[in-house]
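Along the sequence shown, residues are numbered consecutively beginning with 1.
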Amino acid sequence: MGSQESKPDAPAHMHHYYRKFMRECPSGLLSLHEFKKLLDLQGLDPEGDLYIKRVFDIFDLNQDGFIDFLEFIAAINLVIRGKIDQKLKWYFKLYDADGNGCIDKKELLSIFRAIQAINGYTSMSAEEFTNVIFQKIDVNNDGELTLEEFINGVEKDEDLMELITQSFDLSNVLKIIQNGRRNSV
């Protein structure tokens, strides 16, 4: 079967992820509880828990309460290989806690605090972060950001793009998923 060697990347790569996913999740369906356990994120404060649930819900594309293998791969592709506008739309969806199509200061503050609780590091307070974002991209000063304002504002400002990407980077979460739990063996 020499033809398999001509395209080693995609199938081998997919098989690798599948094995890891099935080892961590033999049922093939990852529940919220298993997701938290996999990421070693149990016992968080309520804000941290809320954030993890939002991430889980967004990865759960068909909203059945589980992340299956295809949803898992879609999440990895978005975070690792996704185009900037795809990532920004995903971030927007994550911040828009009430789903009304706008992000207000309270929503952004809440999500940023939750992420701080999980990541542990930050170069600025949640209040400073929120104020910087709104100062730079709330063009009509109505105290809310639409998806259009958010994407246009962030894409035009390299510093803001870097700030958002670093602050909300989920690569560390996905590295744990990809590599498995170090402390599980």
Do the non-hydrogen side-chain atoms of [X] and [Y] ever get within less than 4.5 Å of each other?
X    : Y    : value
F72  : F35  : no
L108 : F129 : yes
L88  : M161 : yes
V139 : N152 : no
D96  : D98  : yes
E155 : L160 : no

Shortest non-hydrogen contact from L61 toward A74: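 Looking at all heavy atoms of both residues, the shortest contact is CD1-CB, 4.1 Å.
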
Minimum heavy-atom distance between L29 and E34, given as atom pair plus value: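 Looking at all heavy atoms of both residues, the shortest contact is O-OE1, 3.1 Å.
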
More than 12 heavy atoms from other groups under 6.0 Å of NZ on K105: yes

Q63 atom CD: more than 12 heavy-atom contacts under 6.0 Å: yes

Derivation of the side chain to side chain contact (heavy atoms under 4.5 Å, CB included) call for D49 and K36: CA-CA 9 Å; D49 257 350; K36 287 181 185 177; 3.0 Å; yes

Supply the atom-to-atom distance [X] [atom1] to [Y] [atom2], rounded to the nearest 0.5 angstrom.
X    : Y    : atom1 : atom2 : answer
F66  : L32  : CZ    : CG    : 10.5 Å
I103 : I133 : CD1   : CD1   : 9.0 Å
F134 : N141 : CZ    : CG    : 10.5 Å
I67  : I58  : CD1   : CD1   : 10.5 Å
T146 : N140 : OG1   : CG    : 7.5 Å
F21  : I73  : CZ    : CD1   : 9.0 Å

Aromatic centroids of Y91 and F150 separated by under 6.0 Å: no

Shared ILVMFWY cluster between [X] and [Y], side chains joined below 4.5 angstrom?
X   : Y    : value
F59 : Y95  : yes
L94 : F112 : yes
I52 : W90  : yes

Salt bridge (Lys or Arg N to Asp or Glu O under 4.0 Å) partners of residues 128-151, not counting sequence neighbours, each pair once: K136-D157

Pairs satisfying salt bridge (Lys or Arg N to Asp or Glu O under 4.0 Å), at least one member in residues 53-65, at least two apart: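 The answer is K53-D57.
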
Under 3.5 Å: donor-acceptor pair, side chain of E162, backbone of D159: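 Flag not set: sc E162 to bb D159 has no pair under 3.5 Å.
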
Any donor-acceptor N/O pair, S110 side chain to K106 backbone, under 3.5 Å: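 A pair under 3.5 Å: no.
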
